[in-house]
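Lettering follows sequence order; numbering is per chain, from 1.
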Amino acid sequence: MQDARFERVLLRRPDLRTPFPRRFAARLRGQSVVRVDRRGKYLLVELSSGDTLVMHLGMSGAFHVEAGPAAGRAAADRHDHVVFEMSPSATITFNDPRRFGFMDLVARKALAGHAALSKLGPEPLSPEFGGAALARACTGKKTSLKVALLDQRVVAGIGNIYASEALHRAGLSPRRRASTIATRAGAPLASAVRLAGAITAVLIDAIDRGGSYATARGPRFRVYEREGERCLTKRCRGTIKRITQMGRSTFFCPVCQK
DNA sequence: CCGCGGGCCTGAGAGC
DNA sequence: TGCTCTCAGGCCCGCG
C-alpha cells in the first residue's frame, strides 16, 4: 500500500446499504493511502487528507484487484458498484450483489465517535480480549451464547460461521444463556476462558488458511453446514444438528456441547 | 437500556 | 422450462 494513491473513483450507483456520502469521489481523488487498518468487520483506509475511508463487505461484497487502468477492460459486471483507479497503475473494483456493503468517508475528529465503530467490543486478537473480557460482556445477558457472540459489542468481528465454530471448539451449547459464563465473585468462569480461547483459535486458523471461502478442499468447518454429519470431536459419537436462533442457522453437536 | 422480529437486496438451489 | 419457496457469510430500525 506504500505510495498507493486514488487517481479516480467511479460510482455506478448512488448507494450501497446507505447512500455514499456527499462528494465521495471528489474527496478521495488525489489522496494517498497512509495506512490500511481493520476494526471488527470494518476496513479502515487512512488518507493523507486525514479522512478515513470506512468500508464493510456486508455478506456478498468483494474487492477485485487488477494491475493496469480500468480503461479497455471487459464490460463491468452489473454488481460492480465502485471502481477505484489507483496509482501506481491498478484498478480495485468493489462488487456486491446484495448491496449489504457499506462505505463512508469520515473526518479524523469524527472517527472514534462514528456510529458503526463506536459500539464495537474488543478485538479478539488483542491483549484486551480474553476470558475476563468475555465474561464481563456476558454478565446479565439474557440471550443465548450464540446470539451473544454475534453481538459486535461483546466481541468485534465474529460472524455466523465462527460463532458456531468457536462454541463447538469450546464444548459449549449455543443455547445456553450467555450469563451462564459471566463473571462470578469477580473472576471469569473456566467456560469463559475456554470460549475466549476457542474464538482466537478459530480466527487464527481461518487467517492461516486464507479465510473461510478460500480453501477448495480439506475440512473447512467443524460444524458449519455439516448438519447430519458426524461430530469431529475426539471420541464423540454425536451428529451435527442445525437449529435457528434469531433467524440465523446455528450448527452444533448436542452430545459434546453442553 | 435490552431482546426480538422484520427489513434491506440478489442469487442459487430445491421441488413441483 | 418456469414458477415458487427457502436460504445465504450482516446490520439497522422500531417495537414492547
Side-chain angles (χ1 to χ4, degrees), chain A residues 11-21 38-44 54-64 76-82 93-104 106 113-121 123-124 136-168 174-182 199 202-207 209-216 219-228 240-252:
Chain A
L11 300 185
R12 314 207 103 103
R13 51 173 303 123
D15 56 6
L16 295 172
R17 199 185 69 216
T18 60
F20 289 101
R38 180 195 57 73
R39 185 74 177 93
K41 297 175 195 170
Y42 291 88
L43 263 165
L44 308 175
V54 179
M55 302 185 282
H56 195 297
L57 299 177
M59 296 225 278
S60 59
F63 289 106
H64 301 282
D77 181 277
R78 61 187 285 246
H79 300 302
D80 285 349
H81 306 309
V82 185
T93 305
F94 179 71
N95 182 281
D96 186 6
R98 289 180 76 179
R99 255 182 285 134
F100 287 172
F102 169 86
M103 288 192 193
D104 197 6
V106 186
H114 192 269
L117 304 175
S118 60
K119 296 184 216 110
L120 292 178
E123 281 295 321
R136 221 178 303 125
C138 286
T139 303
K141 265 212 171 287
K142 295 194 174 151
T143 37
S144 65
L145 257 189
K146 158 74 181 330
V147 171
L149 290 187
L150 291 181
D151 184 343
Q152 302 298 298
R153 294 168 302 183
V154 171
V155 49
I158 309 294
N160 201 43
I161 294 178
Y162 299 138
S164 283
E165 294 294 304
L167 286 165
H168 182 254
R175 298 199 253 223
R176 260 171 82 140
R177 255 183 180 238
S179 59
T180 62
I181 67 156
I199 288 167
V202 160
L203 294 177
I204 287 169
D205 250 37
I207 292 165
R209 284 191 271 147
S212 315
Y213 291 84
T215 43
R220 313 147 302 169
F221 307 125
R222 300 195 186 189
V223 287
Y224 191 77
E225 283 182 336
R226 291 193 62 245
E227 183 181 19
I240 305 308
K241 296 277 177 283
R242 181 172 87 94
I243 58 173
T244 299
Q245 296 179 288
M246 293 289 294
R248 324 225 26 212
S249 286
T250 301
F251 297 84
F252 75 112

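- The gap from the P atom of C/dT6 to that of B/dG6 amounts to 13 Å, rounded to the nearest Å.
- The separation between A/E225 atom CD and C/dG9 atom P is 8 Å, rounded to whole Å.
- Distance CG (A/L16) to C1' (B/dC8): 13 Å, rounded to an integer number of Å.
- In this structure, the nucleotide among C/dC11, B/dC2, C/dG10 sitting nearest to the side chain of A/M59 is C/dG10.
- Contact annotation: A/R98 does not reach the phosphate of C/dG9 (side-chain N/O to OP1 or OP2, under 4.0 Å).
- Of the side-chain N and O atoms in A/K41, one or more sit less than 4.0 angstrom from OP1 or OP2 of C/dG10.
- The aromatic rings of A/Y42 and A/H56 sit perpendicular to each other, their planes meeting at more than 60°, with 30° as the lower class boundary.
- Comparing the same atom, P, in C/dC11 and in B/dA12 gives a spacing of 23 Å after rounding to whole Å.
- One interatomic measurement links the two molecules: CG of A/D15 to C1' of C/dC12, which rounds to 15 Å at whole-angstrom precision.
- Of all heavy-atom pairs spanning A/A76 and A/R12, the tightest one is CB-NH1, 3.8 Å.
- Judged by centroid separation below 5.5 Å and plane tilt below 30°, A/F100 does not stack onto the base of C/dC11.
- Residues A/K141 and A/V154 share a closest heavy-atom pair of CE-CG2, 3.5 Å.
- Candidate nucleotides C/dG9, C/dC11, B/dG5 were compared by shortest atom distance to the side chain of A/Y224, and C/dG9 ranks first.
- Summarising the geometry, the separation between CG on A/D151 and C1' on C/dC13 is reported as 15 Å, rounded to the nearest angstrom.
- Rounded to whole Å, atom C1' of C/dG9 lies 12 Å from atom CD of A/E165.
- Under 4.0 angstrom from either OP1 or OP2 of B/dG11 there lies at least one side-chain N or O belonging to A/R78.
- At C/dA8, one or more side-chain N or O atoms of A/S249 fall inside 4.0 Å of OP1 or OP2 (strictly under the cut-off).
- Listed candidates were B/dC2, C/dA8, B/dC4. Nearest to the side chain of A/R153 is B/dC2.
- Considering only side-chain atoms of A/N160, the nucleotide from B/dC2, C/dC12, C/dG9 that sits closest is C/dG9.
- As a whole-Å value, the separation of A/R17 CZ from C/dG10 C1' is 7 Å.
- Residue A/R99 places at least one side-chain N or O closer than 4.0 Å to OP1 or OP2 of B/dT10.
- For the pair A/H79 and B/dG11, the criterion of a side-chain N or O lying under 4.0 Å from OP1 or OP2 is met.
- Taking the side chain as every heavy atom from C-beta outward, A/F102 and A/T18 approach each other to under 4.5 Å.
- In this structure the side chain of A/Q245 reaches within 4.5 angstrom of the side chain of A/R175, judged on heavy atoms.
- Protein atom CE of A/M246 is 14 Å distant from nucleotide atom P of B/dG7, rounded to whole Å.
- The partner of B/dT10, taking Watson-Crick or G-U wobble pairs whose two distances both stay under 3.5 Å, is C/dA8.
- Residue A/H56 places no side-chain N or O under 4.0 Å from the OP1 or OP2 atom of C/dG10.
- In this structure, A/D96 and A/L57 have side chains that are not in contact, with every pair of non-hydrogen atoms separated by 4.5 Å or more.
- The distance between atom CZ of A/R248 and atom P of C/dC11, rounded to the nearest whole Å, is 8 Å.
- Remark: the separation of the P atoms in C/dC3 and B/dC9 is 23 Å, to the nearest Å.
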